[in-house]
Amino acid sequence: MFKARCALAVACLATLAAASAADASIQRYEHNYQLSDRRQFKLRGTPTADGACVMPGGSMSLAPDQRAVEVREVEFDTDTCVATMEEGVPPASTLDETGTSGSDSASGSAPDRRGPTATAARRRRRLRAVAAATYRSAGYVSTWYEDPVNINVNLVRAKIDYYYNFSCTWGNLATWQEEWYTTSGWSRIGHDFQYADRCDLAASSVYAQFLNGVFCAGGNVWTTYDRTSIHGHKDGSLWAYWASSTSGAICRNLLSLNRKLVRTV
Amino acid sequence: MTNRPPTFARLLPPLLAVGGWLAILLVLGVDSWPLLLGWLAAIAAVVVATAAPRRTRLLAGIALAIVFVGLTWEGGLFFVPSALALVALPSATAEQPPQRA
(Lines give C-alpha, C1' and ligand atoms only; values in the text may rest on other atoms or scores of the structure.)
Protein backbone atom coordinates (compact mmCIF):
# COMPACT_ATOMS: atom_id res chain seq x y z
CA MET A 1 0.00 0.00 0.00
CA PHE A 2 2.78 2.37 0.97
CA LYS A 3 4.63 1.59 -2.26
CA ALA A 4 1.49 2.29 -4.28
CA ARG A 5 1.02 5.71 -2.65
CA CYS A 6 4.66 6.50 -3.11
CA ALA A 7 4.35 5.59 -6.77
CA LEU A 8 1.28 7.81 -7.12
CA ALA A 9 3.16 10.81 -5.71
CA VAL A 10 6.13 10.14 -7.95
CA ALA A 11 3.87 9.70 -10.97
CA CYS A 12 2.11 12.99 -10.24
CA LEU A 13 5.41 14.80 -9.88
CA ALA A 14 6.76 13.15 -13.04
CA THR A 15 3.66 14.17 -15.01
CA LEU A 16 3.98 17.71 -13.72
CA ALA A 17 7.67 17.80 -14.56
CA ALA A 18 7.09 16.36 -18.03
CA ALA A 19 4.31 18.85 -18.75
CA SER A 20 6.55 21.70 -17.59
CA ALA A 21 9.53 20.45 -19.59
CA ALA A 22 7.49 20.14 -22.80
CA ASP A 23 6.46 23.75 -22.54
CA ALA A 24 9.44 24.99 -20.58
CA SER A 25 11.11 26.69 -23.49
CA ILE A 26 8.08 28.85 -24.27
CA GLN A 27 7.12 31.61 -21.88
CA ARG A 28 3.75 33.26 -22.41
CA TYR A 29 3.03 36.62 -20.88
CA GLU A 30 -0.43 37.83 -19.96
CA HIS A 31 -1.18 41.55 -19.87
CA ASN A 32 -3.99 43.21 -18.01
CA TYR A 33 -5.27 45.36 -20.88
CA GLN A 34 -5.77 45.00 -24.62
CA LEU A 35 -4.14 47.06 -27.34
CA SER A 36 -6.26 48.30 -30.23
CA ASP A 37 -5.12 48.23 -33.88
CA ARG A 38 -2.63 45.61 -32.84
CA ARG A 39 -0.27 43.58 -34.97
CA GLN A 40 2.23 40.90 -34.04
CA PHE A 41 5.79 40.46 -35.17
CA LYS A 42 8.78 38.29 -34.28
CA LEU A 43 12.03 39.55 -32.83
CA ARG A 44 15.09 37.31 -32.99
CA GLY A 45 17.72 37.65 -30.27
CA THR A 46 21.30 36.47 -30.05
CA PRO A 47 22.03 33.61 -27.61
CA THR A 48 24.80 34.24 -25.09
CA ALA A 49 27.20 31.80 -23.46
CA ASP A 50 25.24 31.75 -20.19
CA GLY A 51 22.02 30.73 -21.95
CA ALA A 52 20.48 34.19 -22.01
CA CYS A 53 19.37 36.06 -25.12
CA VAL A 54 20.38 39.56 -26.11
CA MET A 55 17.44 41.04 -27.94
CA PRO A 56 17.97 43.69 -30.58
CA GLY A 57 16.80 47.22 -29.90
CA GLY A 58 13.86 48.68 -31.69
CA SER A 59 12.12 51.93 -32.37
CA MET A 60 8.67 53.42 -32.70
CA SER A 61 7.40 56.81 -33.76
CA LEU A 62 4.39 59.08 -33.42
CA ALA A 63 3.23 61.62 -35.99
CA PRO A 64 2.01 64.98 -34.60
CA ASP A 65 -1.60 63.75 -34.69
CA GLN A 66 -0.94 60.40 -33.00
CA ARG A 67 -1.34 59.94 -29.26
CA ALA A 68 0.36 56.70 -28.18
CA VAL A 69 1.84 53.41 -29.26
CA GLU A 70 2.88 50.41 -27.15
CA VAL A 71 5.06 47.42 -27.94
CA ARG A 72 5.12 44.43 -25.61
CA GLU A 73 6.24 40.83 -25.39
CA VAL A 74 3.52 38.18 -25.58
CA GLU A 75 5.63 35.06 -25.99
CA PHE A 76 9.28 34.15 -25.73
CA ASP A 77 10.98 30.96 -26.84
CA THR A 78 14.10 30.53 -24.73
CA ASP A 79 15.43 27.75 -27.00
CA THR A 80 15.32 29.71 -30.24
CA CYS A 81 15.69 33.20 -28.71
CA VAL A 82 12.65 34.39 -30.63
CA ALA A 83 10.17 36.78 -29.02
CA THR A 84 6.66 37.35 -30.30
CA MET A 85 5.87 41.01 -29.92
CA GLU A 86 2.60 42.89 -30.09
CA GLU A 87 2.29 46.51 -31.18
CA GLY A 88 -0.83 48.65 -30.84
CA VAL A 89 -2.52 51.60 -29.22
CA PRO A 90 -2.95 51.33 -25.44
CA PRO A 91 -6.24 52.42 -23.82
CA ALA A 92 -6.40 56.06 -22.71
CA SER A 93 -6.70 55.00 -19.06
CA THR A 94 -3.14 53.63 -19.16
CA LEU A 95 -1.48 56.77 -20.48
CA ASP A 96 -0.79 58.39 -17.11
CA GLU A 97 2.72 58.11 -15.78
CA THR A 98 2.18 55.68 -12.95
CA GLY A 99 4.89 53.11 -12.60
CA THR A 100 5.74 50.41 -10.10
CA SER A 101 4.06 50.06 -6.73
CA GLY A 102 5.91 49.85 -3.43
CA SER A 103 8.96 51.13 -5.17
CA ASP A 104 11.87 53.46 -4.98
CA SER A 105 12.35 56.08 -7.62
CA ALA A 106 14.72 58.70 -8.93
CA SER A 107 14.24 61.48 -11.42
CA GLY A 108 15.98 64.48 -12.82
CA SER A 109 16.13 66.94 -15.66
CA ALA A 110 18.44 68.80 -17.94
CA PRO A 111 19.06 72.46 -17.04
CA ASP A 112 15.85 74.33 -17.80
CA ARG A 113 16.89 77.04 -20.22
CA ARG A 114 13.39 78.28 -20.70
CA GLY A 115 12.21 78.15 -17.09
CA PRO A 116 13.47 79.48 -13.78
CA THR A 117 16.71 80.91 -15.14
CA ALA A 118 14.99 83.03 -17.74
CA THR A 119 12.94 85.89 -16.46
CA ALA A 120 9.26 85.75 -17.29
CA ALA A 121 9.48 88.94 -19.35
CA ARG A 122 12.39 87.69 -21.39
CA ARG A 123 10.60 84.43 -22.00
CA ARG A 124 7.43 86.23 -23.08
CA ARG A 125 9.43 88.42 -25.50
CA ARG A 126 11.14 85.40 -26.97
CA LEU A 127 7.90 83.48 -27.39
CA ARG A 128 6.16 86.51 -28.95
CA ALA A 129 8.94 86.80 -31.48
CA VAL A 130 8.39 83.32 -32.75
CA ALA A 131 4.73 82.95 -31.87
CA ALA A 132 3.53 83.15 -35.43
CA ALA A 133 5.12 79.86 -36.30
CA THR A 134 5.70 78.21 -32.95
CA TYR A 135 4.32 74.86 -31.96
CA ARG A 136 4.91 72.73 -28.91
CA SER A 137 5.45 68.99 -28.78
CA ALA A 138 5.96 66.82 -25.72
CA GLY A 139 5.93 63.17 -24.82
CA TYR A 140 7.66 60.34 -23.10
CA VAL A 141 8.89 56.84 -23.71
CA SER A 142 8.61 54.26 -20.95
CA THR A 143 10.31 50.90 -20.89
CA TRP A 144 9.55 48.46 -18.14
CA TYR A 145 9.75 44.83 -17.12
CA GLU A 146 6.65 43.12 -15.80
CA ASP A 147 6.45 39.92 -13.75
CA PRO A 148 3.87 37.11 -14.23
CA VAL A 149 1.33 38.82 -11.98
CA ASN A 150 1.65 42.09 -13.92
CA ILE A 151 3.70 43.97 -11.35
CA ASN A 152 6.20 46.34 -12.92
CA VAL A 153 9.51 45.41 -11.31
CA ASN A 154 11.40 48.35 -12.77
CA LEU A 155 10.75 51.15 -15.18
CA VAL A 156 12.74 53.76 -17.09
CA ARG A 157 11.19 56.85 -18.63
CA ALA A 158 12.66 59.61 -20.80
CA LYS A 159 10.66 62.76 -21.47
CA ILE A 160 10.95 65.78 -23.74
CA ASP A 161 8.97 68.98 -24.02
CA TYR A 162 10.07 71.35 -26.79
CA TYR A 163 9.09 73.99 -29.32
CA TYR A 164 9.34 73.62 -33.08
CA ASN A 165 8.53 75.56 -36.22
CA PHE A 166 9.29 73.01 -38.95
CA SER A 167 12.77 74.43 -39.48
CA CYS A 168 14.18 74.16 -35.98
CA THR A 169 13.56 72.78 -32.47
CA TRP A 170 14.43 74.67 -29.29
CA GLY A 171 13.67 75.04 -25.59
CA ASN A 172 13.77 71.32 -24.87
CA LEU A 173 12.98 70.50 -21.25
CA ALA A 174 14.44 66.99 -21.06
CA THR A 175 13.70 64.89 -17.97
CA TRP A 176 14.10 61.30 -16.85
CA GLN A 177 12.56 59.00 -14.27
CA GLU A 178 13.42 55.56 -12.94
CA GLU A 179 11.46 53.32 -10.61
CA TRP A 180 12.26 49.95 -9.11
CA TYR A 181 10.29 47.57 -6.91
CA THR A 182 12.31 47.59 -3.70
CA THR A 183 9.64 45.61 -1.89
CA SER A 184 10.79 42.50 -3.74
CA GLY A 185 14.49 43.26 -3.51
CA TRP A 186 15.25 45.25 -6.67
CA SER A 187 17.98 47.85 -6.51
CA ARG A 188 19.44 50.26 -9.04
CA ILE A 189 23.11 49.72 -9.82
CA GLY A 190 23.67 51.93 -12.85
CA HIS A 191 22.38 55.18 -14.31
CA ASP A 192 23.23 57.73 -16.96
CA PHE A 193 21.26 60.56 -18.53
CA GLN A 194 21.96 62.50 -21.71
CA TYR A 195 19.97 65.09 -23.56
CA ALA A 196 20.07 67.30 -26.64
CA ASP A 197 18.59 70.73 -27.24
CA ARG A 198 19.69 71.54 -30.77
CA CYS A 199 18.07 73.02 -33.83
CA ASP A 200 17.87 69.64 -35.50
CA LEU A 201 16.97 67.55 -32.47
CA ALA A 202 15.36 67.59 -29.04
CA ALA A 203 16.29 64.44 -27.15
CA SER A 204 16.32 62.70 -23.78
CA SER A 205 18.12 59.42 -23.25
CA VAL A 206 18.47 57.22 -20.16
CA TYR A 207 20.64 54.21 -19.32
CA ALA A 208 19.82 52.19 -16.22
CA GLN A 209 20.64 48.82 -14.73
CA PHE A 210 18.80 47.05 -11.90
CA LEU A 211 19.65 43.97 -9.87
CA ASN A 212 17.70 41.43 -7.87
CA GLY A 213 19.83 38.96 -5.94
CA VAL A 214 17.13 37.76 -3.58
CA PHE A 215 14.17 36.08 -5.19
CA CYS A 216 15.72 33.70 -7.69
CA ALA A 217 17.01 31.04 -5.30
CA GLY A 218 20.14 33.01 -4.57
CA GLY A 219 20.94 33.77 -8.22
CA ASN A 220 21.35 37.31 -9.50
CA VAL A 221 19.11 38.70 -12.21
CA TRP A 222 19.94 41.97 -13.96
CA THR A 223 17.70 44.11 -16.13
CA THR A 224 19.59 46.51 -18.34
CA TYR A 225 18.03 49.42 -20.23
CA ASP A 226 20.72 50.39 -22.71
CA ARG A 227 19.20 52.83 -23.62
CA THR A 228 15.70 54.27 -23.57
CA SER A 229 15.61 57.39 -25.75
CA ILE A 230 13.08 59.80 -27.17
CA HIS A 231 13.77 62.23 -30.00
CA GLY A 232 11.67 65.21 -31.01
CA HIS A 233 11.96 66.44 -34.58
CA LYS A 234 11.36 69.84 -36.14
CA ASP A 235 8.07 68.68 -37.64
CA GLY A 236 6.74 67.80 -34.17
CA SER A 237 7.01 64.05 -34.62
CA LEU A 238 8.33 61.89 -31.81
CA TRP A 239 10.63 58.90 -32.22
CA ALA A 240 11.72 56.49 -29.51
CA TYR A 241 14.47 53.93 -29.30
CA TRP A 242 14.90 51.12 -26.78
CA ALA A 243 17.34 48.30 -26.19
CA SER A 244 16.75 46.34 -23.04
CA SER A 245 17.77 42.91 -21.84
CA THR A 246 17.73 40.60 -18.85
CA SER A 247 20.66 38.47 -17.76
CA GLY A 248 21.63 36.14 -14.92
CA ALA A 249 19.64 33.35 -13.31
CA ILE A 250 16.83 31.47 -15.06
CA CYS A 251 14.03 33.47 -13.38
CA ARG A 252 14.86 36.25 -15.84
CA ASN A 253 12.57 34.44 -18.30
CA LEU A 254 9.58 35.24 -16.11
CA LEU A 255 10.00 38.95 -16.88
CA SER A 256 8.41 40.45 -19.98
CA LEU A 257 9.53 43.68 -21.62
CA ASN A 258 7.10 46.48 -22.45
CA ARG A 259 7.59 49.86 -24.12
CA LYS A 260 5.24 52.76 -24.61
CA LEU A 261 5.61 56.03 -26.50
CA VAL A 262 3.05 58.65 -25.46
CA ARG A 263 2.43 62.17 -26.69
CA THR A 264 1.39 64.53 -23.91
CA VAL A 265 1.15 67.72 -26.01
CA MET B 1 1.27 -0.18 16.91
CA THR B 2 -0.16 2.41 14.46
CA ASN B 3 1.03 4.06 11.22
CA ARG B 4 0.11 7.51 12.46
CA PRO B 5 2.44 10.04 10.79
CA PRO B 6 5.18 11.25 13.03
CA THR B 7 4.56 14.69 14.45
CA PHE B 8 7.63 16.05 12.71
CA ALA B 9 6.34 14.93 9.31
CA ARG B 10 2.99 16.64 9.92
CA LEU B 11 4.72 19.84 10.99
CA LEU B 12 7.23 19.89 8.17
CA PRO B 13 5.17 21.75 5.49
CA PRO B 14 4.02 24.54 7.83
CA LEU B 15 7.54 24.81 9.31
CA LEU B 16 9.05 25.15 5.85
CA ALA B 17 6.47 27.81 4.96
CA VAL B 18 7.24 29.76 8.12
CA GLY B 19 10.93 29.36 7.31
CA GLY B 20 10.35 30.85 3.86
CA TRP B 21 8.48 33.75 5.39
CA LEU B 22 11.29 34.37 7.89
CA ALA B 23 13.87 34.16 5.09
CA ILE B 24 12.13 36.99 3.24
CA LEU B 25 11.96 39.00 6.45
CA LEU B 26 15.67 38.42 7.14
CA VAL B 27 16.83 39.22 3.62
CA LEU B 28 14.61 42.20 2.83
CA GLY B 29 13.62 43.43 6.28
CA VAL B 30 10.35 45.06 7.20
CA ASP B 31 10.38 47.11 3.98
CA SER B 32 8.87 44.06 2.34
CA TRP B 33 5.86 44.10 4.68
CA PRO B 34 3.26 44.05 1.86
CA LEU B 35 4.73 40.79 0.62
CA LEU B 36 5.07 39.38 4.13
CA LEU B 37 1.44 40.18 4.78
CA GLY B 38 0.41 38.40 1.59
CA TRP B 39 2.53 35.37 2.33
CA LEU B 40 0.75 34.85 5.66
CA ALA B 41 -2.12 33.64 3.49
CA ALA B 42 0.21 31.11 1.90
CA ILE B 43 1.25 29.83 5.32
CA ALA B 44 -2.42 29.49 6.24
CA ALA B 45 -3.06 27.59 3.00
CA VAL B 46 -0.20 25.20 3.76
CA VAL B 47 -1.48 24.64 7.32
CA VAL B 48 -4.99 23.90 6.04
CA ALA B 49 -3.67 21.59 3.31
CA THR B 50 -1.50 19.69 5.80
CA ALA B 51 -4.60 18.81 7.81
CA ALA B 52 -6.56 17.76 4.73
CA PRO B 53 -7.09 14.17 3.55
CA ARG B 54 -4.20 12.56 1.75
CA ARG B 55 -5.39 13.03 -1.84
CA THR B 56 -6.42 16.65 -1.26
CA ARG B 57 -3.04 17.27 0.31
CA LEU B 58 -1.28 15.89 -2.75
CA LEU B 59 -3.33 17.98 -5.19
CA ALA B 60 -3.00 21.07 -3.00
CA GLY B 61 0.77 20.58 -2.87
CA ILE B 62 1.03 20.43 -6.66
CA ALA B 63 -1.29 23.42 -7.13
CA LEU B 64 0.56 25.49 -4.54
CA ALA B 65 3.92 24.62 -6.11
CA ILE B 66 2.71 25.96 -9.46
CA VAL B 67 1.31 29.12 -7.88
CA PHE B 68 4.51 29.68 -5.89
CA VAL B 69 6.68 29.38 -9.00
CA GLY B 70 4.41 31.89 -10.74
CA LEU B 71 4.99 34.24 -7.85
CA THR B 72 8.78 33.92 -8.05
CA TRP B 73 9.30 37.69 -8.17
CA GLU B 74 7.20 38.11 -5.04
CA GLY B 75 9.25 35.52 -3.15
CA GLY B 76 7.40 32.39 -4.23
CA LEU B 77 10.50 30.20 -4.49
CA PHE B 78 10.93 30.50 -0.72
CA PHE B 79 7.65 28.60 -0.33
CA VAL B 80 8.14 25.88 -2.93
CA PRO B 81 9.81 23.52 -0.38
CA SER B 82 6.68 23.62 1.78
CA ALA B 83 4.50 22.75 -1.23
CA LEU B 84 6.82 19.89 -2.16
CA ALA B 85 6.68 18.67 1.43
CA LEU B 86 2.89 18.53 1.08
CA VAL B 87 3.33 16.33 -1.99
CA ALA B 88 5.89 14.12 -0.27
CA LEU B 89 3.92 13.82 2.96
CA PRO B 90 1.24 11.41 1.68
CA SER B 91 3.82 8.91 0.58
CA ALA B 92 5.67 9.10 3.85
CA THR B 93 2.62 8.65 6.04
CA ALA B 94 -0.27 6.27 6.08
CA GLU B 95 -3.79 6.14 7.40
CA GLN B 96 -4.20 4.98 10.92
CA PRO B 97 -5.52 1.37 10.73
CA PRO B 98 -9.04 0.71 11.98
CA GLN B 99 -9.13 0.18 15.73
CA ARG B 100 -10.21 -3.19 17.07
CA ALA B 101 -13.41 -3.24 19.05
Side-chain angles (χ1 to χ4, degrees), chain A residues 1-20 23-24 27-30 100-104 145-154 180-187 210 212-219 221 223 246 248-256, chain B residues 3-5 9 13 20-21 23-39 42 53-81 83-98:
Chain A
M1 190 65 175
F2 175 79
K3 280 183 183 171
R5 285 175 189 141
C6 203
L8 173 69
V10 170
C12 281
L13 277 178
T15 307
L16 184 67
S20 315
D23 219 20
Q27 294 289 327
R28 290 187 181 83
Y29 307 111
E30 298 294 329
T100 57
S101 53
S103 62
D104 213 340
Y145 276 101
E146 203 170 86
D147 76 3
V149 288
N150 294 325
I151 289 177
N152 301 344
V153 296
N154 36 65
W180 56 100
Y181 191 41
T182 48
T183 306
S184 66
W186 286 95
S187 57
F210 301 92
N212 191 314
V214 179
F215 278 172
C216 192
V221 172
T223 56
T246 57
I250 192 76
C251 313
R252 64 177 184 265
N253 291 329
L254 292 172
L255 299 173
S256 66
Chain B
N3 285 330
R4 189 179 169 80
W21 191 90
I24 295 176
L25 178 64
L26 280 175
V27 173
L28 291 179
V30 288
D31 285 348
S32 61
W33 68 266
L35 292 181
L36 292 169
L37 209 60
W39 284 118
R54 192 170 290 126
R55 187 161 296 174
T56 310
R57 215 182 321 173
L58 180 70
L59 293 174
I62 292 170
L64 284 173
I66 293 169
V67 170
F68 292 161
V69 169
L71 291 170
T72 292
W73 289 112
E74 281 66 47
L77 292 188
F78 285 101
F79 293 87
V80 169
L84 293 181
L86 281 174
V87 174
L89 198 57
S91 60
T93 60
E95 290 282 1
Q96 191 169 345

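None of the values given here were measured: they were computed from a predicted structure. Residue numbers begin at 1 in each chain, while the letters A, B, ... track the order of the sequences.
Across B:V27, B:L71, B:L36, B:L35, the residue that shares the most heavy-atom pairs under 4.5 angstrom with chain A is B:L35. When each of A:G185, A:C251, A:P148 is checked for heavy-atom pairs under 4.5 Å with chain B, A:C251 comes out on top.
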**Report entry** side chain to side chain contact (heavy atoms under 4.5 Å, CB included) assessment of A:L255 paired with B:W73
**Finding:** CA-CA 9 Å; A:L255 299 173; B:W73 289 112; 3.4 Å; yes
Query - Verdict with reasoning, B:D31 to A:T183, per side chain to side chain contact (heavy atoms under 4.5 Å, CB included) - result: CA-CA 6 Å; B:D31 285 348; A:T183 306; over 6 Å; no
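The contact between B:I24 and chain A is made entirely by side chain atoms (from C-beta outward), counting heavy-atom distances below 4.5 Å. Proximity to chain A (any heavy atom under 4.5 Å) is shown, for B:V80, by neither the backbone nor the side chain.
The OG atom of B:S32 sits 6.5 Å away from the CZ atom of A:F215 when rounded to the nearest 0.5 Å.
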